[in-house]
Amino acid sequence: MATLQAHSPDLFQTPTPPLFNFQECLWFLDRNYDDIMHRILPDAVIKPARIAGKPVLVKIYEGEGCLISEVLRGEVTDEAALVRYVRDLFDLDTDLAPFYELLRSDPELAFMADEYRGLRLIGIPDLFEALCWSIIGQQINLSFAYKLKRRLVETFGERIDWQDQTYYLFPEPEQVALVSPAALRAHQFSERKAEYLITIARAFSTGEVSKELLTALPTPEAMIRQLTSYKGIGEWTANYALMKSLKVATCIPYGDVGLYNALHKVKGLARRPERAELDAIFSKFCGWEAYLTFYLWRTLSKPDLPSTAP
DNA sequence: AACCAGGCGCATG
DNA sequence: CATGCGCATGGT
C-alpha cells in the first residue's frame, strides 16, 4: 500500500486478489441506470467519497495486480482509509473460489461461475447511504428510484466539480435530519418515505445508530433486529443494507422481487417463494447467501460484457 | 389502460 | 396468524 511514486502523492494502489475482474465490476456499476453516485468510463470509475471524513474525488482504474486510485479533487490524509474504502467498494478481501465450487455443484447455477467470473459484491461503504437507498427503492421501479436518489443528492449533497462535470457526495445525516417532509414531498418522495428518511437521518446524527455500533453486535440477527426497530426499515431493507454496507455474508433480502425474477429465470421457479422455500434454495450456500443473491441479480441485466478479447 | 415495480406499516378478520 | 390496502410515479 505504498504510494506509487514518491512525487505523486495523488496515486494510491490497492492490491487485487485472484478471481477479480474489474471490467465485470464496472459493468455492474454501469448497468442501465442513471446512478448519480459515480461516473463510469470505459476503463475506470470516478467516485466522490468521504475518506476519513474528508471529501475527495477519486478515479479508480486497473494497474498491474492492483487498483490505482487517483485523487482528482481533495486531499487524502489517511492512505489506509482510502485503501480500505477501495477494498470495501470492490469486496477485495473475499476468496471467491469456494463460492464458485458451490455454484458449479448446481447445474442451473454453474454458468455464473464462468460468465461472471471475478465479479465482486459492489458495496455501499456508507451505511447511512445504503439505508437511504434501500428505503428509496422500496416498491417502486428502479429507474424512478434512481431519479429520487438523484434529487436527494443533488439537492442536499456536497458538490465536487471537476472538468466540467459535477459530482456529489451523498448528504450527511445531519443535513437530511434538518429537511422537512414537505421538501422531500416536493421532490416526489411519498410522505411515508420522507418521514422514514428523516427519522433515520436523526438517529444517525445523534449517534444512536452507526456502522460501528452495528458492527459491534454479535450476530446478523441482532443487527437486523436493531435496524428493523426503525419505521420504514423492514426485513428486506435491513438485509439489503447489511449485505451492501457491512458485507454480512449470510443476508438474504427476503421478499425481493428481483431475486424472485432471477430464480424464475434460472431455476424456473413458478411463483414468489415463501421464506422457507427461499431458505431451502439457499441452504447449500451457507455463508454465501449475499453473494448468491448478488449474482442472481446480475442475471437480470441482459446484455453481456462487450468482449474485449479477440 | 391497467398493473406492478429491488416494501412497509397499519387495519382488519 | 393471514390477508388487504395505500403509497408516488413511471415503465411496459
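Keep in mind that this is a model prediction, so the values were computed, not measured. Lettering follows sequence order; numbering is per chain, from 1.
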**Asked** Do A:Y230 and A:E208 have side-chain N/O donor and acceptor atoms under 3.5 Å apart?
**Response** yes
Check this for me: does the side-chain of A:N141 come within 3.5 Å of the base of C:dG11 through a donor and an acceptor? no
| query | Below 4.0 angstrom from OP1 or OP2 of B:dC8, is there any side-chain N or O of A:K193? | reply | no
If you measure from the Lys or Arg side-chain nitrogens to the Asp or Glu carboxylate oxygens, is any gap between A:K284 and A:D106 under 4.0 Å? no
Report task. Could you measure between the two P atoms, the one in B:dC3 and the one in C:dG4, and give it in whole Å? Result -> 15 Å
When rounded to whole Å, the CD1 to P distance for the pair A:I140 and B:dA5 reads 13 Å
Walking DNA chain B from its 5' end, the first of A:Y146 and A:G232 to be reached, judged by nearest nucleotide, is A:Y146
(Q) Between the side chains of A:K247 and A:D93, is the shortest nitrogen-to-carboxylate-oxygen separation below 4.0 Å, so that they form an ion pair? (A) no
Connected to A:L213, directly or through other members, by ILVMFWY side-chain contacts below 4.5 Å are none
Atom OH of A:Y33 and atom C1' of C:dG10 are separated, to the nearest Å, by 12 Å
query = Donor-acceptor pair under 3.5 Å: do we get one between A:Q139's side chain and the base of B:dA5?
reply = yes
Scanning all shown strands, the Watson-Crick or wobble mate of C:dA8 with both distances under 3.5 Å is none
To the nearest angstrom, the CD1-P distance between A:I200 and B:dG9 comes to 10 Å
Just checking A:Y196: base, sugar-phosphate only, or nothing, at a heavy-atom cut-off of under 4.0 Å? sugar-phosphate
### Query
A:I233 near the nucleic acid: base, sugar-phosphate alone, or nothing, with a heavy-atom cut-off under 4.0 Å?
sugar-phosphate
From CD1 of A:I135 across to C1' of B:dG9 the rounded distance in Å is 13 Å
Notebook entry, point to check: Taking NZ, NE, NH1 and NH2 as the nitrogens, is one of them in A:R185 or A:E195 under 4.0 Å from a carboxylate oxygen of the other?
Noted result: no
Taken to the nearest 0.5 Å, the spacing of A:R104 CZ from A:L109 CG works out to 12.5 Å
Separation of C:dG10 atom P from A:I136 atom CD1, nearest Å, is 15 Å
Report task. Would you tell me if any nitrogen or oxygen in the side chain of A:T237 comes within less than 4.0 Å of OP1 or OP2 on B:dC8? Result -> yes
Rounded to whole Å, CZ of A:F189 lies from C1' of B:dC8 at a distance of 16 Å
Quick check on C:dA8: is either OP1 or OP2 less than 4.0 Å from any side-chain nitrogen or oxygen of A:Q188? no
On DNA chain B, more 5' by nearest nucleotide between A:W133 and A:T228 is A:W133
Atom CG of A:L259 and atom C1' of B:dA5 are separated, to the nearest Å, by 15 Å
- Message: Under 4.0 Å from OP1 or OP2 of B:dC4: is there any side-chain N or O of A:R272 that close?
- Response: no
In whole angstroms, the gap separating P of B:dC8 from CG of A:L227 amounts to 12 Å
* Asked: What integer number of Å spans the P atoms of B:dC10 and C:dA8?
  -> 15 Å
**Message:** Applying a 4.0 Å non-hydrogen cut-off, can you work out what A:Y230 is touching in the nucleic acid: base, sugar-phosphate, or nothing?
**Reply:** sugar-phosphate
